[in-house]
Amino acid sequence: MNLLWLGDPKSFDVALVGGKAANLSRLARLYHRVPDGFSLPVTVMAEVHPLDLRDEITAAISDLMNCHRLPDFIAAVRSSAVDEDGATASFAGQHETYLNIVGADAIIQAVMRCWESARSEHALDYRRKQGLSIERPQIAVLVQQLVAADVSAVVFSANPITGNRDEIMINASWGLGESIVGGTVRPDTFIVRKSDLAITQRAIAVKQRMTVSAPGGTREVEVPRFLRTQASLNDEQVIEMAKLALTLEVTMEHPVDVECAYAGDELYLLQCRPITTLK
Amino acid sequence: MSNSEMQTPTPGQPIPMPPNFQVKWADPRDSKLTWMSSPQFKTSISPLIYAVISAFLVGGNAGFEGAGLPFEIRIERINTYPYMGMVPKAAPPDVVIKGMGLLNRAAPGVFKMMMGKVGAGMSKQQEAALNPIIERFDAYWNDELLPEIKQHIAYFESSDLRGMSLDQLRAHLSETLKRVERMAALHGVIMPMLYAMSQFEELYCELFEGATTLDALRLTQGFDNKTMEGDRALWRLSRAARSIPDVSEILSKRAAGEIIPALEKSAASQQFLADLHKWLAYYGQRLNSVFALDQPSWIEDPTPVIQNLQAYISMPNLRPEMEPAALAAEREKAVAEARAKLAGYPQPIVARFETLLKAAQVATVVHEDHNFWIDQRLFYHVQRVIMEFGGRLAQAGTLDAANDVLYLTPNELQKGQDISMKRLVQDRKTEMEHFSKVTPPPMLGTAPAFEMTDGGSMVRAMFKGEMSPAPTGNSEMNKVKGLPGSAGVTRGTARVIHSLAEAGKLQPGDVLVAIATEPPWTPLFATASAIVTDSGGVLSHSAVVAREYRIPAVVGTGNATATFKDGQLLEVDGNAGIVRVVSENEESDAINLQSAIENRKSNEPALVG
């Protein structure tokens, strides 16, 4: 058995599946609606070529489709360095993310690209500078159902700008999260006071760009005019996100930044890590 | 210098009136408004026609209100010509308007920004009024408006005009004008109709890079409507005519005016004649032009129908009944493609797309069906009431002829014998005769202090309909640029048609060039290879019907009727919105012309047998 399912206690091991998958596994276990998926642990990625995992991955995808009654399995495939999400260094984005990958064959291709990128000069150079081992690339790959996000958000359980730990800041915008994370859209900003979960600030931005699924990946497009100035979250959704961030902060015992998304009425947790830069 | 070429008036200042068109304002405040002549009414109108148009426009203001538009339309008959004025509901004080005018000239950038804000505010108001309607547009039209519209028509159909006394007729005339007003309010459906189509095409073009308005409107085509239904029924009559030698002989050899008497004398033609009358009884309830109350309806004078039949029987292969299936297949393919592309989009976008798609599809049907029920049937009945009245007065010797009734006002008709009607009629005929030689200036009163650069999404939608602002840049002798109205490129001989009376000169494969095509003209679209108009936008009647007929159209050229002459061979590019003269002489290009006709029919199999 080379795969580890999200939520499997074996997946709690950061050294095995990487910080992201370990976190998500714990979170999936605790409550949270985390899109389902599996990890290819560090040990496997170091030893086995992805093509040799073909049958196992194909079977896993088939299980997921049966389990969730999905006509297709649309995945996000992300590589995760084992040191990533550690308490001292944050280097999200150093490795690869492939979105909107449909079906087992395409997923195997994406896993292979992760495998290759971990061995790229750029990645090795970065690790060298950080004083990390370059002997064997310590990456794991996470294959996870891609949530068809209507709205994506990054939630900080402490205000990252002012350093105020008594308030939660939410940045939210239309579509998949890449436009917010990548900084190509000015998102809506909501500030929520922790003590009573009151929304103390709402800054609705003119949201020009959004990332949407497109065949073979994602595409950043213009937000249609009618939607640009509409608030991406209603008050109820803002509070639900704030509560999620609060819970996660308690669980992680550290202020966190949380990537999450609404698909329909469901709030999905996509990513959670400690805020490493807090004043 | 003719009056229409007067220099541009100074913004906010009184417009100088030409010596032959002095205006005495009944209410001096009216001189402060801007009065525009309407492209639909280039000729003098008589007092009674003015009263009917006026009742219709007054009633139509309910439509503006329902669409959140902050103004009313007024119509005045000035020196026998109809002029329309826009009256803001809450007019800003004069000083503000003057200030805005000054700002426009002094700091156009700041002005533009301010107007943008005003436009956005107006847009919000219009959207708040219209979005709830278009979300249930199907039910709004079919369950709320259409039943009442049909009730009014049924009222007119059940009125026994012949059986009424003169006093009853007088009461009936007032009732008729009241119902015209009410029907005009129902006619306000054109606001949400245009809004739905406009919003849909704007969203589609925003969502799909490189998509054009015509691409968007493909998703709304191919739904049956009263126009296509009637035209198809007429075409079926032409197929019946082709199969009966006697009928075929009469239709192809005789002049339009002699056809009915000849058919009546031919024993083999009786069934066809009965079918023709049946068609006329239902689809012939129309005048040659919406307000052509001075002309007979198609039931009274079926010449336009006969001319169409004559053209149709000369076209063995044309099969208009095949178009809806092809259009629907194209439409469904385009809808499926759009939905697939939107699969990964945020739900509010998918929901808005679906709402607007459904509304725009219904709107495309309403575009034609409201014409059938209101623009055509209502005024057919109004004309009958007026002519009955005129006939009675002529019989009684109060008037010399039935048509003279048109020269009186409804008030005068209510008064009866105590005024000298013949004298009034004579005075008004003289007045109209005098002004028929004068070109009415395009604008009267006070020039607008500034132009609205953005009146909001409903105003944008209206400009895509019949009142599309015409371009002024066309100055070439043999080429015009307009708006793409219906896709495709074709060649054909130009026929400039000003009224349905001239429609007889349109031969199969010709390019119909007109100021604007009116609803009763649509059977001509089956014979034309392309449509070119001076006025109207992509949502105008001409463009909508051309798309249903799958023939190229270029609309809103401003001056196609002045640029092109009968007999020129034209190339119409409906994709680019360009029409050019290929050759001055049709004969020298007979081969080209033939190929154009063949193009028109190319997708259709030859008729067997």
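Proteins get letters first, then strands, A, B, ... in listed order; numbering begins at 1 in each.
- Remark: A/Arg113 CZ is packed, more than 12 non-hydrogen atoms of other residues, nucleotides or ligands lying under 6.0 Å away.
- Residue A/Asp265 places its CG atom among 12 or fewer non-hydrogen atoms of other residues, nucleotides or ligands, all under 6.0 Å distant.
- Within a 6.0 Å sphere centred on CD of A/Glu220, heavy atoms belonging to other residues, nucleotides or ligands number more than 12.
- Of all the listed residues (A/Glu222, A/Met210, A/Arg219), the one sharing the greatest number of non-hydrogen pairs under 4.5 Å with chain B is A/Met210.
- The residue among B/Leu342, B/Ile349, B/Leu207, B/Val350 with the most heavy atom pairs within less than 4.5 Å of chain A is B/Ile349.
- Considering only heavy-atom pairs separated by less than 4.5 Å from chain B, the leading option among A/Pro224, A/Ala214, A/Ala263, A/Ala148 is A/Pro224.
- Looking at A/Val151, there are no atoms closer than 4.5 Å to chain B (heavy atoms on both sides), in backbone or side chain.
- Contact annotation for B/Leu203: only side-chain heavy atoms (C-beta onward) come within less than 4.5 Å of a heavy atom of chain A.
- Counting heavy atoms of neighbouring residues, nucleotides and ligands inside a 6.0 Å radius, atom CD of A/Glu266 exceeds 12 of them.
- If you take CD on B/Glu206 and CZ on A/Arg228, they are separated by 6.0 Å, rounding to the nearest 0.5 Å.
- Counting heavy atoms from C-beta on, the side chains of B/Tyr345 and A/Ser213 never come closer than 4.5 Å.
- For chain A, the nearby part of B/Glu209 is the side chain; its heavy atoms alone come within less than 4.5 Å.
- Within 6.0 Å of CE in A/Met65 there are more than 12 heavy atoms belonging to other residues, nucleotides or ligands.
- Rounding to the nearest 0.5 Å places CG of B/Asn131 at 10.0 Å from CZ of A/Phe226.
- The structure places OH of A/Tyr262 at 14.5 Å from CD of B/Gln347, a figure rounded to the nearest 0.5 Å.
- Shown here for A/Gly175 and B/Pro346, the closest heavy-atom pair between the two residues is N-CG, 3.5 Å.
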